[in-house]
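One structure is given below, encoded as structure tokens.
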Amino acid sequence: MSRTKLIAGNWKMNTNFSEAQILCSALKKTIRPSATVEVAVCPPFTHLSIVNTLLNGTQIMLGAQNIHQDKKGAFTGEVSAQMLKDTGVEYVIIGHSERREHFGETNTIVKEKALRCLELGMKPIVCVGEVLSERKSGNYLNIVEEQVREGLSREMDPKKLVVAYEPVWAIGTGETASPEQANEVHGHIRSILTEYFGSESAQEIRIIYGGSMKPSNADELLAQPEVDGGLIGGASLNAEDFCAIVTAGEKQ
Ligand code: PGA
């Protein structure tokens with residue numbers, strides 16, 4: 001089963017307007033339409049509109065880094081699914097470990113956010129991953145399994161779902177899961193997806209890897225049968241590096 005890979009850049013709380021413009025114009029020059037790799041960038045909320053305009057006419061898709069779980073209302077400072085949809089967003093990162101750690105997002109909240117996103121036809125990138133102590137204790141598969149089981153529900157449309165495995169100990173640390181470590185967890189995630197959505201649908205769901213993916217390790221990570229792309233933090237802020245990862249995806 002060949003799944004279209006997804007390479008998504010998570011800019012986090014980085015870039016000012018002019019840096020975003022420079023990054024977009026470099027991506028626009030280099031990234032060509034591809035039948036095997038989809039590319040998305042997830043800038044901060046304030047840049048969504050301008051990035052959408054700048055990437056107009058390319059196949060690079062727009063993603064957001066978060067969403068609120070309620071449809072609307074008195075939630076000062078929050079952004080709803082409809083607002084993102086109206087801004088041209090196609091992908092939404094949900095339950096990133098930084099949101100779980102610093103903003104108290106639980107699996108239940110992750111599920112609600114993913115449902116809001118799906119209701120409007122956007123695609124959630126649901127992030128899961130263990131912290132270092134859980135990796136060391138050997139309990140990591142159970143931790144990730146719980147996040148997947150509680151963060152997803154069987155009523156979700158599998159065609160629109162993306163899961164990102166991001167071991168927390170590899171995010172922004174320069175340390176990467178080995179290709180075998182990534183593949184093992186991805187395979188485990190797929191077995192839960194199979195139980196939830198049936199084998200045929202589960203085979204179509206992209207499970208992407210995040211955690212210090214860079215040009216020097218992208219080839220071997222993306223060559224793994226269960227690794228269907230990458231969620232790229234630091235390296236997505238450098239156009240050359242990000243484009244090299246996209247090229248690595250196209251080679252697989
Ligand atoms: P990193 O971040 O590539 O800088 O490790 C990945 C992520 O947090 O999505």
Side-chain angles (χ1 to χ4, degrees), residues 5-15 19-20 23 27 37-45 47-48 51 60-67 89-105 110 113-114 117 123-132 134-135 140 143-144 147-148 151 161-179 181-183 185-186 189 206-222 224 227-249:
K5 289 201 160 33
L6 172 65
I7 305 291
N10 175 10
W11 295 2
K12 307 193 180 184
M13 199 172 70
N14 294 299
T15 69
E19 288 163 343
L23 198 44
L27 299 183
V37 177
E38 261 181 63
V39 180
V41 292
C42 308
F45 284 140
H47 300 8
L48 284 172
V51 169
I60 303 171
M61 289 187 275
L62 190 65
Q65 300 172 19
N66 185 27
I67 192 172
V89 165
E90 296 191 56
Y91 284 98
V92 185
I93 300 172
I94 293 177
H96 189 281
S97 64
E98 289 150 15
R99 304 267 345 147
R100 292 177 188 260
E101 185 188 343
H102 304 301
F103 303 96
E105 287 191 9
V110 168
K113 289 184 172 202
C117 179
K123 298 174 183 165
I125 302 176
V126 176
C127 301
V128 296
E130 80 284 1
V131 299
L132 188 58
E134 293 160 343
R135 165 63 59 174
Y140 55 96
I143 298 294
V144 170
Q147 291 171 336
V148 173
L161 205 54
V162 178
V163 179
Y165 170 56
E166 298 206 301
V168 181
W169 47 272
I171 296 177
T173 59
E175 198 168 322
T176 318
S178 70
Q181 285 175 324
N183 204 57
V185 180
H186 286 221
I189 294 172
R206 269 98 46 97
I207 306 174
I208 64 178
Y209 169 82
S212 299
M213 193 186 273
K214 46 191 176 241
S216 58
N217 59 27
D219 276 317
E220 47 175 14
L221 282 163
L222 295 170
Q224 295 298 310
V227 177
D228 306 317
L231 184 53
I232 325 296
S236 73
L237 297 170
N238 177 306
E240 208 180 308
D241 285 353
F242 187 64
C243 293
I245 296 172
V246 172
T247 305

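One-based numbering, in listed order, for ligands and for the atoms of each.
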Scan for side chain to side chain donor-acceptor pair (under 3.5 Å) pairs involving residues 206-216, sequence neighbours excluded, and state none if there are none. E38-R206, Y91-R206
Please could you name the atoms of ligand 1 that A170 approaches to less than 4.0 Å, counting only its heavy atoms? 5 (O)
Is there a donor-acceptor contact under 3.5 Å linking the side chains of E130 and W169? yes
Atom 6 (C) of ligand 1: of G230, G233, G129, the nearest heavy atom sits on G233
For ligand 1, which atoms sit closer than 4.0 Å to a heavy atom of G211? 5 (O)
Return the set of residues passing side-chain hydrogen bond (donor to acceptor under 3.5 Å, both in side chains) with E105 (not counting sequence neighbours), or none when no residue passes. R99, K113
Donor-acceptor contact below 3.5 Å, side chain E134 vs main chain V131: yes
Can you list the atoms of ligand 1 that are under 4.0 Å from a heavy atom of N10? 9 (O)
Suppose I only count heavy atoms of K12 and a 4.0 Å limit; which atoms of ligand 1 are within that range? 2 (O), 7 (C), 8 (O)
Nitrogen or oxygen of G234 less than 3.5 angstrom from that of ligand 1: yes
Working to the nearest 0.5 Å, report the span between CD1 of I143 and CZ of R135. 11.5 Å
Is the backbone of K12 close enough, under 3.5 Å, to the side chain of Q65 for a donor and an acceptor to pair up by distance? yes
Could you check which of Q65, H96, E98, E166 puts a non-hydrogen atom nearest to atom 8 (O) of ligand 1? H96
Give yes if a backbone or side-chain nitrogen or oxygen of T173 is under 3.5 Å from a nitrogen or oxygen of ligand 1, and no if not. no
I'd like to check which ligand 1 atoms, numbered from 1 as shown, lie under 4.0 Å from a non-hydrogen atom of S212. 1 (P), 3 (O), 5 (O)
At less than 4.0 angstrom from any non-hydrogen atom of G172, what atoms of ligand 1 do you find? 1 (P), 4 (O), 5 (O)
Look at the side chain of D228 and the backbone N and O of I207, then say whether any donor-acceptor pair between them is shorter than 3.5 Å. yes
